[in-house]
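Beneath this line is the structure, given in structure tokens, with notes to follow.
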Amino acid sequence: MNDAQILRPSGQQALLIDGKAAAAAITARLGAEVARTGLKPGLAVVLVGADPASQVYVKSKGKMAHACGFHSVQVDLPADVSEEVLLGHVARLNADPAIHGILVQMPLPAHIDPARVIDAISPAKDVDGFHPLNVGRLASGATASALVACTPAGAMVLIEAAAAALGRSLRGMEVVVIGRSNIVGKPMAQLLLQRDMTVTIAHSRTVDLAAVVRRADVVVAAVGRPEMVRGVWLKPGAIVVDVGINRLVGEDGKSRLVGDVAFAETLDHVAAITPVPGGAGPMTIAMLMQNTFEAAKRAS
Ligand code: NAD
């Protein structure tokens, strides 16, 4: 289904891919499904410590779950909680039939091993898609039974929407994913490979990144460096999804969010691009809701 709204502001060539509208359409559809089916998906979000950014993320996840008509639980634990106590909470949520999705907000304090915590989450409730079983299912192409990481899953929806709006098939196209993290770059590459694209993963050791990016019909930037990807690097007619979220503070002390791509430099020659904010960002939480709904459906 193509939920993303594609806008072409006057005076420029590039289509703007509206991730905010796409995310709103997905969550509205999930809310309607909950009302229609009577299914009550349950999402538990575990927050360790009081990191302000994590608190904001966790709050917005809970709010969105509530807006979709889900059962929503937040477990707040002190920053010095032991790994054993945290694992005890995960085990309790694993066993709770009212909970279908469990998310432990990262990053965790240094004394807790994130891999141990992720491994402890039931794969059927791993709505972040970080458990090795879900990672393996995605890598082996068993996406129907996997829960896929939310940010790349959301980016994939936007890429498909842009290709559809442009009347293009993704099959056989060259795509460059910049960044090889476990939460964005690697699962993104797997999803693109499953669309029969020719996938290159670029990273911090890539030689001549500009030349690598230049050959791509589709570019996904997930680096975390403000406006690193310059407009001249991009092939004319490319589809660009900018996952980066970087806060820049201006001389006036005011801060603004920018992506990994120098957005203004791209508008006269790429075919479609996601803005920051309002592009890939809002899709992550929508896909988290979709994963929770899917997990609840499978459990029933
Ligand atoms: P990360 O730091 O784990 O990984 C960054 C990757 O970029 C690494 O694989 C590294 O090899 C690569 N890299 C670093 N410098 C490079 C360079 N000069 N050239 C080429 N590659 C380089 O980051 P992440 O968690 O994957 O996140 C990436 C960006 O996406 C960040 O800005 C983050 O805020 C954003 N993000 C957004 C969402 C969302 O939209 N909800 C979710 C996750 C991440």
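Counting starts at 1 for both ligands and their atoms, following the listed order.
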Legend entry - ligand 1-proximal atoms of Arg205, by part, heavy-atom distance under 4.0 Å: neither

Inset, instruction - Could you find the nearest protein heavy atom to atom 18 (N) of ligand 1 and give me its residue, atom name and distance? - result: Met228 SD, 3.6 Å

Inset, instruction - If you have a sec, work out which protein heavy atom is nearest atom 42 (C) of ligand 1 and how many Å separate them, to one decimal? - result: Thr151 OG1, 3.2 Å

Inset, instruction - Among all protein heavy atoms, pick the one closest to atom 44 (C) of ligand 1 and tell me residue, atom and distance. - result: Val184 CG2, 3.9 Å

Inset, instruction - Identify, by atom number and element, the atoms of ligand 1 in contact range of Thr284, meaning under 4.0 Å from any of its heavy atoms. - result: 39 (C), 40 (O), 41 (N)

Legend entry - Presence of salt bridge, Glu84 and Arg116, under 4.0 angstrom: yes

Inset, instruction - Check Thr206 against ligand 1 and report side chain, backbone, both or neither, counting heavy atoms closer than 4.0 Å. - result: neither

Inset, instruction - Please determine if Asp260 has a nitrogen or oxygen closer than 3.5 Å to a nitrogen or oxygen of ligand 1. - result: no

Inset, instruction - May I ask you to identify the nearest protein heavy atom to atom 36 (N) of ligand 1, giving residue, atom name and distance to one decimal place in Å? - result: Val243 O, 3.8 Å

Legend entry - Heavy atom of the protein closest to atom 10 (C) of ligand 1 (residue, atom name, distance): Ser204 N, 4.0 Å

Inset, instruction - Kindly confirm or rule out an N or O of Ile245 lying under 3.5 angstrom from an N or O of ligand 1. - result: yes

Acceptor/donor pairs from residues 230-239 side chains to any protein atom, 3.5 angstrom cut, sequence neighbours excluded:
{"unit_1": "Arg230", "atom_1": "NE", "unit_2": "Glu265", "atom_2": "OE1", "d": "3.3"}
{"unit_1": "Arg230", "atom_1": "NH1", "unit_2": "Glu227", "atom_2": "O", "d": "2.8"}
{"unit_1": "Arg230", "atom_1": "NH2", "unit_2": "Glu265", "atom_2": "OE2", "d": "2.3"}
{"unit_1": "Lys235", "atom_1": "NZ", "unit_2": "Asp217", "atom_2": "OD1", "d": "2.8"}

Legend entry - Flag side-chain contact, heavy atom, 4.5 Å: Ile159 against Val218: yes

Inset, instruction - Write out all pairs satisfying salt bridge (charged side-chain N to carboxylate O under 4.0 Å, His left out) with one or both partners inside residues 35-64, taking only residues at least two apart or from two chains. - result: Glu33-Arg36

Legend entry - ligand 1 atoms in contact with Ile183 (distance to a heavy atom under 4.0 Å): 25 (O)

Inset, instruction - Enumerate the atoms of ligand 1 whose separation from the nearest heavy atom of Gly179 is less than 4.0 angstrom. - result: 6 (C), 7 (O), 9 (O), 12 (C)

